[in-house]
Amino acid sequence: MGLNWTQSLRSNSDPAHPPPNTTLSILTRSYWQQLSAQVNKAKQSRIIISPDLLKMRRGGHHRLHAKQGGVKGLVGKLSIAVVVVLICTLSVLFAATITGTRGSASPSEINVEELWESANSGGWRPSSAPRSDWPPSPKETNGYLRVRCNGGLNQQRSAICNAVLAARIMNATLVLPELDANSFWHDDSGFQGIYDVEHFIQTLRFDVRIVESIPEIHKNGKKKKIKAYQLRPPRDAPISWYTTEALKKMKEHGAIYLTPFSHRLAEEIDNPEYQRLRCRVNYHALRFKPHIMKLSESIVDKLRAQGHFISIHLRFEMDMLAFAGCFDIFSPKEQEVLKKYRKENFAEKRLVYKERRAIGKCPLTPEEVGLILRAMGFDNSTRIYLAAGELFGGERFMKPFRSLFPHLENHSSVDSSEELTANTQGLIGSAVDYMVCLLSDIFMPTYDGPSNFANNLLGHRLYYGFRTTLRPDRKGLAPIFIDRENGRTSGFEEAVRRVMLKTNFGGPHKRVPPESFYTNSWPECFCQMSAQNPADQCPPNNVLDILSSQLESELTSDLQSNLTTSVA
């Protein structure tokens, strides 16, 4: 199946073509499956209403009318009493099922076939178009805004969204964001090497002015480039910082340079239109360059030619293990490497492995990931795409996972093209992994704590039609895995299923701190076709035409004004 990014996104945003949904949610269907299991269990225990018992009841009923005080009438009454008792017994069983699956008597069932479909949308669809007055940027700009986005690809992606919003807030002209060629990636591709610049500028034309570089100005008969004043924004700075301190320096110098620019604008902003602008940047304007899109489509087509596939972000890497302080499962030599890395890169802190493990602070091992999938019902024919860097500890940690799921792939094994081989660990490799995970049938992050890759993908898949995600509750699973390691394996798979059934499978859900806006932009960037709350109502389908008309009107007015000035 060909995967055209623009067409795919449009089909998921068009009210005439809503994303596919299951008729019932996974949890609802699981309830009916459990209910059926309880009935079958009751039948096996002989708690049934047999035909003979029904005959007794019917016979007793007739005889009650014929002879109230006879022995046969008494039998009839007893029959009715037995039936009532049995009905009450079944009702108790059904009530136990409804209250949840926490009790040991209630099995937890997951229908794998339903997981391959998108989660239940509840009538919501993605929509980041403005829903209130949203005028084009004023004709007069307050100056130019430069930013240097540090970190990996997805940390930079969030920074770009924040930069566009900051430019809008300050009525500034945004200079194409700079991507840090940092020591981790060793990649100087830059914005122009990763993203489609023309598409980026065109998509945001209603929101903010964007230029590729600060233009030269004429001063005293000479051409001179404006020198941007360098500022270091506070972390998670409020809007007020940009409208006061940053704007003051911009007006003084004509341009400001914000560096570093990662997490430098507060995520929670009490302005839905500002939040929707972030979504327009993230899910519409930021499109990878055509050759990256083509590579991604090729990999997805090859994987899907053999059926469904799961993508897994296996975050069992040196930096994350050192950050989490999870050392004890490694050899003494490996522990030295991790401790050295932690000392050089993270703040000093006392970390006890057993304590960290018990509260779910350790990344899942590859084997634990495999055990979760098998407990949920995925068999060894399941195709899995791994988006991961170099796994720490090597093959001895991958071997148990591979024995459970032999059909493991990554972008190099599916597509051995020279470009990917040369950029496996660079921004291009990360971009391809991002797209394959976005378009996969199911996505599973194994450590979504401080992982920008996993968190951004969770938000993008939510926006891309509530596509199924499996988010293991590491804290809930930790005691189950610890029991298994100590030899207590009875009921292991059922216990795993119970924990997983309590998680969200990719449907709309309330954002609760510390969940990031980039992980869950519901409800700001979604709408309902038949909304009871006016704030949730979808905007008109011609909203872009309205904005385009406003922008053209502004440009025409500017042109006429310039012509009048020239003639004068």
Side-chain angles (χ1 to χ4, degrees), residues 1 12 18-44 93-124 303-304 306-312 364 368-385 401 404-407 437 439-446 457-458 461-462 464-474 476-477 480 491-509:
M1 181 179 69
N12 280 303
N21 298 303
T22 52
T23 306
L24 295 171
S25 69
I26 292 168
L27 287 175
T28 306
R29 292 195 180 187
S30 296
Y31 159 68
W32 288 113
Q33 290 161 1
Q34 292 164 35
L35 197 62
S36 176
Q38 291 286 4
V39 172
N40 290 333
K41 187 174 180 181
K43 286 180 180 179
Q44 291 167 6
L93 288 172
F94 293 166
T97 305
I98 292 170
T99 56
T101 59
R102 297 186 181 185
S104 59
S106 301
S108 302
E109 298 298 332
I110 295 175
N111 189 329
V112 170
E113 290 304 313
E114 290 178 0
L115 290 177
W116 293 118
E117 304 295 331
S118 295
N120 187 0
S121 71
W124 293 85
L303 289 168
R304 195 158 280 151
Q306 301 183 51
H308 297 298
F309 74 96
I310 298 175
S311 63
I312 296 179
L364 295 171
E368 288 171 342
V369 174
L371 290 171
I372 291 169
L373 291 175
R374 288 302 288 268
M376 293 182 72
F378 294 97
D379 60 32
N380 62 2
S381 67
T382 305
R383 297 184 67 80
I384 295 176
Y385 178 88
F401 187 23
L404 292 168
F405 294 95
H407 299 289
C437 290
L439 299 172
S440 63
D441 300 293
I442 297 172
F443 171 63
M444 180 181 184
T446 61
L457 263 167
L458 289 168
R461 286 177 66 87
L462 192 76
Y464 193 60
F466 303 103
R467 300 173 80 84
T468 299
T469 58
L470 306 178
R471 300 178 67 177
D473 175 4
R474 295 189 308 279
L477 290 167
I480 301 171
F492 169 77
E493 291 197 343
E494 186 176 333
V496 169
R497 287 193 293 272
R498 283 202 194 100
V499 171
M500 291 304 296
L501 274 170
K502 295 173 189 173
T503 64
N504 180 275
F505 288 100
H509 59 282

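With a 4.5 Å cut-off on side-chain heavy atoms, Phe405 and Ile310 do not count as touching. In this structure, the side chains of Met376 and Val112 stay at 4.5 Å or more apart for every pair of heavy atoms. With contacts defined as side-chain heavy-atom distances shorter than 4.5 Å, the pair Pro445/Leu457 does not qualify. The side-chain heavy atoms of Phe466 and Phe505, taken from C-beta on, include no pair separated by under 4.5 Å. Side-chain contact between Phe443 and Leu470 is absent, with no heavy atoms from C-beta onward closer than 4.5 Å. Residues Phe309 and Leu439 form no side-chain contact, since every pair of their non-hydrogen atoms from C-beta on lies 4.5 Å or further apart. Leu462 is not listed as a side-chain neighbour of Thr469, based on a closest heavy-atom distance of 4.5 Å or more.
In terms of heavy-atom proximity, Arg474 sits nearest to Thr446 at CD-O, 3.8 Å. Of all heavy-atom pairs between Ala375 and Arg497, the closest is O-NH1, 3.0 Å. Pairing each heavy atom of Asn380 with each of His407, the nearest pair is O-CD2, 3.3 Å. Between Ser311 and Cys437, the closest heavy-atom pair is OG-CA, 3.5 Å. Between Tyr464 and Arg467, the shortest heavy-atom contact is CD2-CD, 3.0 Å.
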Dump the intermediate steps for salt bridge (charged side-chain N to carboxylate O under 4.0 Å, His left out) on Arg304 and Asp441, then the final yes or no. CA-CA 9 Å; Arg304 195 158 280 151; Asp441 300 293; 3.4 Å; yes

Candidate pair Arg461 and Thr468, rule side-chain hydrogen bond (donor to acceptor under 3.5 Å, both in side chains), full reasoning: CA-CA 8 Å; Arg461 286 177 66 87; Thr468 299; 5.8 Å; no

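For His308, the ring pair (Phe, Tyr, Trp, His ring centres under 6.0 Å) partners are Trp116, not counting sequence neighbours.
Between atom CG of residue Leu303 and atom CD1 of residue Ile384 there is a gap of 11.5 Å, rounded to the nearest 0.5 Å. Here the straight-line distance linking atom CZ of Arg498 with atom CD1 of Ile480 works out to 8.5 Å at 0.5 Å rounding. Rounding to the nearest 0.5 angstrom, the gap separating the CZ atom in Arg471 from the OG1 atom in Thr503 is 8.5 Å.
Put simply, the side chain of Ser440 gets close to the backbone of Ile442: a donor and an acceptor are under 3.5 Å apart.
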